[in-house]
Amino acid sequence: MCGTQKMASSMSGMFSGQQPPGAHPVGVPVGPGQPGFPGTTTRAPGNNTLVDELEASFEACFASLVSQDYVNGTDQEEIRTGVDQCIQKFLDVARQTECFFLQKRLQLSVQKPEQVVKEDVSELRNELQRKELLVQKHLSKLHHWQQVLEDVSVQHRKPSDLPPPGPLAFLEQASASLPPAPLKPN
């Protein structure tokens with residue numbers, strides 16, 4: 001049996017109604033579709049997979065928020081408690097799902113350690129490539145701004161073609177900007 005088939009068969013517990021070892025069933029009521037979710041269907045009891053339970057608990061979270069009681073606001077404490085319970089059930093099933101995948105990852109690392117090393121090397125190469133692209137992007141921005149600074153410094157050098165200002169340079173500039181004085185008739 002090749003590694004992919006072996007991994008797929010070991011993951012079958014998640015999809016065939018089996019729970020991962022140590023996982024406790026979550027009391028998510030699974031029945032007819034929840035209000036506000038027209039695409040949901042009735043699930044047969046006992047055939048729930050971890051994915052089904054996660055989906056049902058997620059739908060229950062939304063259903064509790066959009067239920068008519070919540071909208072009308074009849075009993076705020078009861079509604080809050082119901083919403084908190086739905087969220088807690090969802091978090092519990094999410095933890096179980098995470099645990100399942102972590103267990104499968106551990107099994108893979110024990111059975112095929114070279115596969116884990118290959119994945120790590122691949123991830124490191126991808127990260128290196130991403131960082132190299134980021135460095136190139138920053139270098140292009142750096143070159144752009146260096147060019148802008150160089151252009152600005154060249155523009156400031158042009159007025160320096162004039163002789164350096166002496167003690168009366170300010171007065172000379174001010175008088176140059178004044179209109180000529182009218183001549184007095186003789």
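Only heavy atoms go into these numbers, but all of them, side chains included; no hydrogens, no water, no symmetry mates.
Distance check, rounded to the nearest 0.5 Å: CD of Q115 to CG of D120 gives 10.0 Å. Here the CG atom belonging to L54 is positioned 11.5 Å from the CD atom belonging to E98, to the nearest 0.5 angstrom. The CD atom of E127 sits 5.5 Å away from atom CZ of R130, with the distance rounded to the nearest 0.5 Å. Rounding to the nearest 0.5 Å places CG of L106 at 9.5 Å from CD of Q111. With values rounded to the nearest 0.5 angstrom, T97 atom OG1 is found 11.5 Å from R95 atom CZ. Interatomic distance, CD of E53 versus CZ of F90, reported as 12.5 Å (0.5 Å rounding).
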Given side chain to side chain contact (heavy atoms under 4.5 Å, CB included), test T81 with Q85 step by step and report yes or no. CA-CA 6 Å; T81 303; Q85 287 175 349; 3.9 Å; yes

Is there a side-chain hydrogen bond (donor to acceptor under 3.5 Å, both in side chains) between Q88 and D84? Walk through the geometry before answering. CA-CA 6 Å; Q88 190 58 47; D84 287 344; over 6 Å; no

Should T49 and D52 be marked as a side chain to side chain contact (heavy atoms under 4.5 Å, CB included) after you check the CA-CA gap, both sets of side-chain angles, and the distance that decides it? CA-CA 5 Å; T49 65; D52 289 337; 3.3 Å; yes

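Placement of V93 and L102 in two distinct hydrophobic clusters is found when ILVMFWY residues are connected by side-chain heavy-atom separations under 4.5 Å, directly or transitively. Grouping the Ile, Leu, Val, Met, Phe, Trp and Tyr side chains by contacts below 4.5 angstrom, directly or via other members, places V148 apart from L142.
A salt bridge does not link K89 with D92: every distance from a Lys NZ or Arg NE/NH1/NH2 to an Asp or Glu carboxylate oxygen is 4.0 Å or more. Between R80 and E77 there is a salt bridge, since a side-chain N of the basic residue sits under 4.0 Å from a carboxylate O of the acidic one.
Among all heavy-atom pairs drawn from R105 and V116, the shortest one is NH2-CG1, 3.9 Å. Here the closest heavy-atom approach between residue C61 and residue C86 is recorded as SG-O, 3.4 Å.
A 4.5 Å side-chain heavy-atom check between K104 and L108 finds every atom pair outside the cut-off.
Judged by distance alone, with hydrogens and angles left aside, the side-chain atoms of S122 form no donor-acceptor pair with the main-chain N or O of K118 at under 3.5 Å.
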